[in-house]
Amino acid sequence: ILMKKFSAFTLAEVLITLGIIGVVAAMTMPNLIANYQKKSVVNRLRKMYAVTKQAVMLSKVDNDEVSGWDWELAENDIYSFTKKYFAPYFKGSQIYKGNDFDKITDHKYSIKNLSNKIITDLNSKEYAIIILLDGSYFIAKERHNTGYEWLYIDINGLSGPNRIAKDIFVLNMTPDYYYNRIRNAEIIFWMEGSSREVLTNSGPQEDEKNYGYYGCSKNNKYGYYSGYACGALIQADGWKISEDY
């Protein structure tokens, strides 16, 4: 009887192969995870932006054009303003005054800027917060004599890091706003329409001189408003997070 010979891997060859696979996986997995996380952030941001724009369109049906809204109310009672013009148009949402929201979240929610400094804890009448059905937040800040209304969208709600440019993005709304010489009285990203150079301007690398710089840049480590332009940058880059983000 003729015996057939079967070739097989030795234990050493199997271990070497597994070792190579492990090294390759260790090298590629962090990049794969990072890319997945970036796409997830962009997709959720894009959805939240669209939902917010749709809410404004629905509000206009009942409350006429944005330029005719009661902007004095936004200066004196942001809760009532938000309750009238926004809350009914986010289906199934709940609205809270800043003080009440701080209590229901057990004082655990605060907004940090890109440089990881806490800029507000929302425990103030200057804020109104809408919690959407998917757990994301729409936050309105009381309008001052600056002429514009700052709005924040947190794409994952109470979950961390609650940080500008990571899961919180900044919007702007005003009755008479212009960008690229076009009048816009809608919600847009803060600094939307600016050049990429402006959107990524990190400002002086000194804390005391950097207060007013909004740039979406890893180098913006000192600006109080660091990262405020990140939503506009993601949009300008074709709804993606670029390498220099």
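These numbers were taken from a predicted model, which means no experiment stands behind them.
Side-chain contact check for Asp154 and Tyr109: at least one donor-acceptor pair (N or O, by modelled atom type) lies under 3.5 Å.
Once rounded to the nearest 0.5 Å, the distance linking OH of Tyr79 with CD of Glu142 reads 15.0 Å. With values rounded to the nearest 0.5 angstrom, Arg163 atom CZ is found 12.0 Å from Ser110 atom OG. Put simply, NZ on Lys103 and CG on Asn123 are 8.5 Å apart, with the number rounded to the nearest 0.5 Å. Atom NZ in Lys108 sits 15.0 Å away from atom CG in Asp121 (nearest 0.5 Å). With values rounded to the nearest 0.5 angstrom, Ile139 atom CD1 is found 10.0 Å from Leu151 atom CG. To the nearest 0.5 Å, the span separating CG on Asp102 from CD1 on Ile129 amounts to 8.5 Å.
Side-chain contact between Leu114 and Lys166 is present, with at least one heavy-atom pair separated by less than 4.5 Å. Between Asn172 and Ile187 the shortest side-chain heavy-atom distance does not fall below 4.5 Å. By the 4.5 Å heavy-atom criterion applied to side chains, Met173 and Val66 are counted as neighbours. Counting heavy atoms from C-beta outward, Ile104 and Ile131 have side chains that approach closer than 4.5 Å. Considering only heavy atoms from C-beta on, Val41 stays 4.5 Å or farther from Asp167 through its side chain. Residues Leu45 and Ile234 meet the side-chain proximity criterion, which asks for heavy atoms closer than 4.5 Å. A 4.5 Å side-chain heavy-atom check between Ile168 and Ile153 finds every atom pair outside the cut-off. In this structure the side chain of Lys60 reaches within 4.5 angstrom of the side chain of Glu65, judged on heavy atoms.
In this structure, Val198 is a member of the same hydrophobic cluster as Ile164, with clusters built from ILVMFWY side-chain heavy atoms closer than 4.5 Å. The cluster map of Ile, Leu, Val, Met, Phe, Trp and Tyr, joined by side-chain heavy atoms under 4.5 Å apart, puts Val42 and Met191 in the same cluster. Linking Ile, Leu, Val, Met, Phe, Trp and Tyr residues whenever their side-chain heavy atoms come within less than 4.5 Å places Leu132 and Val56 in a single cluster.
Considering all non-hydrogen atoms of both residues, Ala165 and Cys230 come closest at CB-SG, 3.3 Å. When all heavy atoms of Ile95 and Ala87 are compared, the pair lying nearest together is CD1-CB, 4.1 Å. Residue Pro204 comes nearest to Lys209 through the heavy atom pair CG-O, 3.5 Å, listed as atom of the first residue, atom of the second, then distance. In terms of heavy atoms, Lys38 sits closest to Ser242 at NZ-O, 4.4 Å. The two residues Ser59 and Tyr85 make their nearest non-hydrogen contact at OG-O, 2.8 Å. Nearest heavy-atom pair, Ile155 versus Arg44, reported as atom, atom and distance to 0.1 Å: O-NH2, 2.9 Å.
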Exercise for the section: Evaluate the side-chain contact (heavy atoms from CB on, under 4.5 Å) criterion for residues Phe90 and Gln54: first the C-alpha distance (whole Å), next the side-chain angles of each, then the deciding distance (0.1 Å), finally the verdict. Expected result: CA-CA 9 Å; Phe90 288 107; Gln54 182 182 39; over 6 Å; no
Practice task
List the steps, then state whether side-chain hydrogen bond (donor to acceptor under 3.5 Å, both in side chains) holds for Tyr89 with Asp62.
Solution key: CA-CA 10 Å; Tyr89 309 101; Asp62 293 335; 2.7 Å; yes
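Ring centroids of Tyr127 and Phe101 are separated by 6.0 Å or more, keeping the two rings apart.
In this structure a side-chain-to-backbone donor-acceptor pair under 3.5 Å is missing from Asp237 to Trp239. Side-chain atoms of Lys112 never come within 3.5 Å of backbone atoms of Ile119 as a donor-acceptor pair (strictly under, hydrogens ignored). In this structure, Asn43 contributes its side chain and Lys47 its backbone to no donor-acceptor pair below 3.5 Å. A donor-acceptor pair is defined here as one N or O able to donate and one able to accept, closer than 3.5 Å; no such pair exists between the side chain of Glu208 and the backbone of Glu206. When atom types are taken as modelled, the side chain of Asp64 and the backbone of Gly68 share no donor-acceptor pair closer than 3.5 angstrom.
Each of Phe138, Phe189, Phe169 was checked for a ring pair (Phe, Tyr, Trp, His ring centres under 6.0 Å) with Tyr49, and the lone residue meeting it is Phe189. If you run side-chain hydrogen bond (donor to acceptor under 3.5 Å, both in side chains) between Ser80 and each of Asn76, Thr82, Asp77, only Asp77 comes through.
Sorted by first and then second residue, the side chain to side chain donor-acceptor pair (under 3.5 Å) pairs involving residues 215-236 (not counting sequence neighbours) are Ser115-Ser226, Tyr152-Tyr228.
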